[in-house]
Number of protein chains: 2
Amino acid sequence: MATEGAAEAQEPGRARPGGRTARVRAAVLQAAGDALAEHGFAYLDLGDIARRAEVGRTTVYRRWGTTTALVADLLVDMAEQSLPRTESGSLLGDLRANAHLVQRTLTDPRQGPLFKAVIAAATCDPDTAQALHRFYRTRIAEWAPCVTRAIERGELPEGTDPHEVIRAVSAPLYHRLLASGEPIDPAAADQAAAAAAAAARAGAYRLPHSPAPSSTAVGPAAAGHRPDGH
Amino acid sequence: MATEGAAEAQEPGRARPGGRTARVRAAVLQAAGDALAEHGFAYLDLGDIARRAEVGRTTVYRRWGTTTALVADLLVDMAEQSLPRTESGSLLGDLRANAHLVQRTLTDPRQGPLFKAVIAAATCDPDTAQALHRFYRTRIAEWAPCVTRAIERGELPEGTDPHEVIRAVSAPLYHRLLASGEPIDPAAADQAAAAAAAAARAGAYRLPHSPAPSSTAVGPAAAGHRPDGH
DNA sequence: CCACTAACGGGACTGAAGTTCCGTTAAGAT
DNA sequence: ATCTTAACGGAACTTCAGTCCCGTTAGTGG
């Protein structure tokens, strides 16, 4: 899935990735981001992208071919730009920082619509979906350490899945963005962080095959729910 | 905001909503659902819908005009079909039932892709987004009572927002469907339910202006998560 | 049951998305 | 510095989604 096959090896942009080719790619991805943020995925058209990027229409069709493939490449680009991450002393502090970062991103006039569009594109094409999953995997991995720290400090039960905790912070905010339509305000971010922290402390994110939490007396949620590894 | 204005009042299908018109709508919505589930929103085309529904191409264009408008109408239709809801005795039992219902829906070979497509469409058009929000509002409202019961039983703190708890159950599953790509299996459903229950017990979903939980300090989840031994 | 007209549907038309062709530009190798 | 050819880009061409026209069918009210 990851390494390019023989077919893709002869695609344009691989033999001479320097100078002009790189400039064209940057301009096109920039234009694609702008167009997606402005009009949404449905009204994305490659001719418009070419005009905005001031490159030949033919070039865009040859190198990317479809709108979903272009979005997939955009996601690869986005995954490479990682954000600086702050570190407070406590789990809740870190999760709140993460939640507020996501909150600001999703309400940003450019980023919010862009994320909506990118997710829409991913629902239409498996390769684009793969690219999106990778993007989130890298983003989540950047924040996982703060959960690992919390486990080491004894704030969370052994065997808690750090990635799952971080995803739990984002999930309600994305649900607002895409499904419920409820406002994505700082209060929502606080709530998301608090809920994830509480659930994590209660042992809701322990891996299925993790050691039983005998000494780490966690709340009633864990007591009632024995995660049957089936 | 919602009620139809003068402009929409003269749209086809309103003056004579009986017999043929209703049959055409049913056939078209059915065909639209099939097409969305099969190909995704990006490849949805109204000519194809007309062929599948065995109605005139012109009819589809006249009554709905755009793919997003058709999806919006489909969502109105989907909102009208409510699902039967079971009732166990406990909060966790009810939340797990809800989580498993969502899990089964999102992994269903037809429903899963359909929901993806419908959400993609909603990102591209405000009216469709409104229709989607309404759809979820009705679905969430159907399940909210079980949270209200839990509050009455003293399982959850006063002032807990029932809708928010139900949304918290769905959110991680939708995040898997649309963003992370992690599997949506029964274990994920259990986890989602357990996390929502734990967070709710800890008071994470109390309304901002709700009475301070001094006496209502609900049991061990709220108080007992303190890592005493840390 | 009949008249009226809302709504349907076939077919021609149009404009723009996407493809193909081929000459031009510049990246990378020697 | 020079050569090779990967990659770009203008322009003509093709295809088909979306529109328009107008005759036909069938709800609805009298």
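Convention: sequence-line order gives letters A, B, ...; per-chain numbering from 1. Computed from a prediction, not measured in an experiment: that's the story for all the values here.
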DNA chain C-proximal residues of residues 116-125 of chain B, any heavy atom under 4.0 Å: none
Sugar-phosphate, base or nothing in reach of A:T21, heavy atoms under 4.0 Å: sugar-phosphate
Sugar-phosphate, base or nothing in reach of A:R23, heavy atoms under 4.0 Å: sugar-phosphate
Can you tell me the distance, in whole Å, between the [atom1] atom of [X] and the [atom2] atom of [N]?
X	N	atom1	atom2	answer
A:R25	D:dG9	CZ	C1'	20 Å
B:Y43	D:dC16	OH	C1'	17 Å
A:W64	D:dA7	CH2	C1'	11 Å
A:R20	C:dA26	CZ	C1'	5 Å

Please tabulate, one pair per line, all N/O donor-acceptor pairs under 3.5 Å involving side-chain atoms of residues 105-114 of chain A, not counting sequence neighbours.
from: A:T105; atom 1: OG1; to: A:L101; atom 2: O; distance (Å): 2.8
from: A:T107; atom 1: OG1; to: A:Q103; atom 2: O; distance (Å): 2.8
from: A:T107; atom 1: OG1; to: A:R104; atom 2: O; distance (Å): 3.4
from: A:D108; atom 1: OD2; to: A:R110; atom 2: N; distance (Å): 2.9
from: A:D108; atom 1: OD2; to: A:Q111; atom 2: N; distance (Å): 2.8
from: A:R110; atom 1: NH1; to: A:D34; atom 2: OD1; distance (Å): 2.2

Would you say [X] and [Y] make side-chain contact, with heavy atoms under 4.5 Å?
X	Y	answer
B:D77	B:D73	no
A:F41	A:C124	yes
A:E182	B:H163	no
B:T66	B:D125	no

For the side chain of [X] and the backbone of [Y], is there at least one donor-acceptor N/O pair under 3.5 Å apart?
X	Y	result
B:R85	B:E142	yes
B:T128	B:T68	yes
B:R57	B:G47	no
B:H100	B:R96	yes

Heavy-atom protein contacts under 4.0 Å, nucleotides 11-21 of chain C, coded B base, S sugar-phosphate only, - none: BB----SBBBB
Give every pair of a protein N or O atom and an N or O atom of nucleotides 28-30 of chain C that lie under 3.5 Å apart, one pair per line with the distance.
from: C:dG28; atom 1: OP1; to: A:G18; atom 2: N; distance (Å): 3.0

Set of side-chain contact (heavy atoms from CB on, under 4.5 Å) partners for A:D94, sequence neighbours left out: A:E87, A:S88, A:C146
B:T59 side chain near C:dG9 phosphate (N/O to OP1/OP2, under 4.0 Å): yes
Ion pair check, B:E164 and B:R206, cut-off under 4.0 Å: no
Test log, rule side-chain contact (heavy atoms from CB on, under 4.5 Å), inputs A:I119 and A:Y174: CA-CA 10 Å; A:I119 289 167; A:Y174 275 87; 3.9 Å; yes
Overall bend - the helix from C:dC1-D:dG30 to C:dT30-D:dA1, comparing terminal axes fitted on five pairs, nearest 10 degrees: 60°
Audit row: B:V24, B:R63, side-chain contact (heavy atoms from CB on, under 4.5 Å) steps and yes/no: CA-CA 10 Å; B:V24 165; B:R63 279 189 66 179; 4.0 Å; yes
